[in-house]
Amino acid sequence: MTGAMQDQVAIITGSSRGIGKAAALALAAEGASVVINYARSSTAADEVVAEITEVGGSAIALQADVSKEDQVDALIKGTMEKFGRIDVLVNNAGITRDTLLLRMKPDAWQAVIDLNLTGVFLCTRAVAKIMLKQRSGRIINISSVAGLMGNPGQANYSAAKAGVIGFTKTVAKEMAARGVTVNAVAPGFIETDMTSELSNTEEILKFIPLGRYGQASEVAGLIRFLAADPAAAYITGQVMNVDGGMVM
Ligand code: NAD
């Protein structure tokens with residue numbers, strides 16, 4: 001496959017489905033070799049790898065719970081052993097454990113912080129060494145509009161996603177001198193497994209000027225631009241929304 005990302009390598013965390021899968025397909029279509037990271041069962045990840053390789057792309061599936069330091073280190077080591085470099089990291093893996101503050105148990109708080117915030121720190125720190133040495137790299141952190149505007153029932157999630165934004169800006173400043181860009185993408189309501197069980201769809205749609213949920217491919221379009229487009233080399237430390245106009 002030929003494209004803007006020929007000879008480049010991208011890791012997308014949590015990429016066996018949803019936004020991560022759409023991002024992996026988009027980067028593979030640009031010619032990147034992609035690492036499909038999954039936490040537990042390999043079945044869906046293997047299917048994404050097959051979808052990419054069947055059309056001439058390059059992909060491998062690697063297991064790692066990215067909230068765990070030793071597993072993140074193994075993910076990066078496995079990628080380097082297979083491909084020898086890392087050009088793009090998409091910190092996409094995320095979970096929700098929604099409930100109102102007064103009912104929120106410490107384990108629901110901690111699980112969301114551990115993956116959605118600490119996982120971003122662990123993966124970014126692990127690839128930073130490699131990208132700084134290469135003097136190039138693009139890191140894209142998936143935040144959320146919940147991190148910008150808050151959302152009842154999501155104290156844990158919105159705190160983690162707001163944390164990702166502060167983290168993005170600091171790391172962008174730390175890594176800019178070596179040509180590494182770090183940006184955040186903040187999706188609104190996107191049609192994936194994460195939103196499939198929301199019951200108040202009618203209510204939600206009232207707050208979306210474009211009047212519909214977004215598609216994973218629409219978030220992946222921005223990720224592809226930030227990861228692959230030469231023009232994105234001059235964009236760093238930014239938060240970009242893909243939210244149908246929800247936050248403006
Ligand atoms: P999803 O639930 O479909 O996908 C999440 C992925 O993360 C899954 O592949 C899952 O296996 C993986 N994952 C879970 N725990 C993991 C772990 N410990 N280690 C590695 N991978 C793990 O959700 P999605 O909607 O595709 O969400 C992707 C990202 O986008 C998340 O960070 C989410 O918070 C964010 N986001 C989603 C929406 C939305 O409306 N869907 C809105 C804003 C932000």
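Heads up: numbering here begins at 1 and tracks the sequence. Numbering of ligands and ligand atoms starts at 1, following listing order.
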Would you find a donor on one side and an acceptor on the other, under 3.5 Å apart, between the side chain of [X] and the backbone of [Y]?
{"X": "Asp229", "Y": "Ala231", "result": "yes"}
{"X": "Asn156", "Y": "Ala108", "result": "yes"}
{"X": "Arg138", "Y": "Leu226", "result": "yes"}
{"X": "Asn91", "Y": "Thr13", "result": "no"}

Testing the basics here: between [X] and [Y], what is the closest heavy-atom pair and its distance to 0.1 Å?
{"X": "Leu62", "Y": "Gly78", "value": "CD1-C, 4.0 Å"}
{"X": "Phe83", "Y": "Ser33", "value": "CE2-CB, 3.6 Å"}
{"X": "Val72", "Y": "Ala126", "value": "CG1-CB, 4.0 Å"}
{"X": "Asn141", "Y": "Thr124", "value": "OD1-OG1, 4.2 Å"}

I want to confirm something. Looking only at heavy atoms, which of [options] is nearest to [atom]?
{"atom": "atom 21 (N) of ligand 1", "options": "Ser196, Ala111, Ala93", "answer": "Ala93"}
{"atom": "atom 11 (O) of ligand 1", "options": "Ser16, Gly94, Ser67", "answer": "Ser16"}
{"atom": "atom 19 (N) of ligand 1", "options": "Val66, Ile19, Ile142, Asn37", "answer": "Val66"}

Does any N/O atom on [X] come nearer than 3.5 Å to any N/O atom on ligand 1?
{"X": "Ile190", "result": "yes"}
{"X": "Thr13", "result": "no"}
{"X": "Tyr157", "result": "yes"}
{"X": "Gly188", "result": "yes"}
{"X": "Asn92", "result": "yes"}
{"X": "Thr192", "result": "yes"}

Would [X] count as a contact residue for ligand 1, given that I'm defining contact as a non-hydrogen atom of the residue lying under 4.0 Å from a ligand atom?
{"X": "Ser143", "value": "yes"}
{"X": "Ala64", "value": "yes"}
{"X": "Phe189", "value": "yes"}
{"X": "Lys161", "value": "yes"}

Inset, instruction - Could you grab the distance from atom NZ of Lys161 to atom CD1 of Ile165, nearest 0.5 Å is fine? - result: 9.5 Å

Inset, instruction - Give, for atom OG of Ser16 and atom CG of Asp46, the distance between the pair rounded to the nearest 0.5 Å. - result: 10.0 Å

Legend entry - Per-residue contact class, Asp65 against ligand 1 - non-hydrogen pairs under 4.0 Å: both

Inset, instruction - Answer with side chain, backbone, both or neither: which part of Glu191 has a heavy atom less than 4.0 angstrom from an atom of ligand 1? - result: neither

Return the closest protein heavy atom for [atom] as residue, atom name and distance.
{"atom": "atom 23 (O) of ligand 1", "answer": "Met194 CB, 3.6 Å"}
{"atom": "atom 6 (C) of ligand 1", "answer": "Gly14 O, 3.5 Å"}
{"atom": "atom 15 (N) of ligand 1", "answer": "Leu115 CD2, 3.4 Å"}
{"atom": "atom 4 (O) of ligand 1", "answer": "Arg17 NE, 3.7 Å"}
{"atom": "atom 43 (C) of ligand 1", "answer": "Pro187 O, 3.4 Å"}

Legend entry - Note: Arg212-Glu191 ion pair, threshold 4.0 Å (strictly below): no

Legend entry - Close side-chain approach of Val185 and Val219, heavy atoms under 4.5 Å: yes

Which ligand 1 atoms are under 4.0 Å away from a heavy-atom of [X]?
{"X": "Ser144", "result": "43 (C), 44 (C)"}
{"X": "Thr195", "result": "39 (C), 40 (O), 41 (N)"}
{"X": "Ala39", "result": "16 (C), 17 (C), 19 (N), 20 (C), 21 (N), 22 (C)"}

Legend entry - Donor-acceptor side-chain pairing of Asn200 and Glu203 below 3.5 angstrom: no

Inset, instruction - If the plane angle is over 60° it's perpendicular, under 30° parallel, otherwise tilted; pick one for Phe189 and Tyr213. - result: tilted

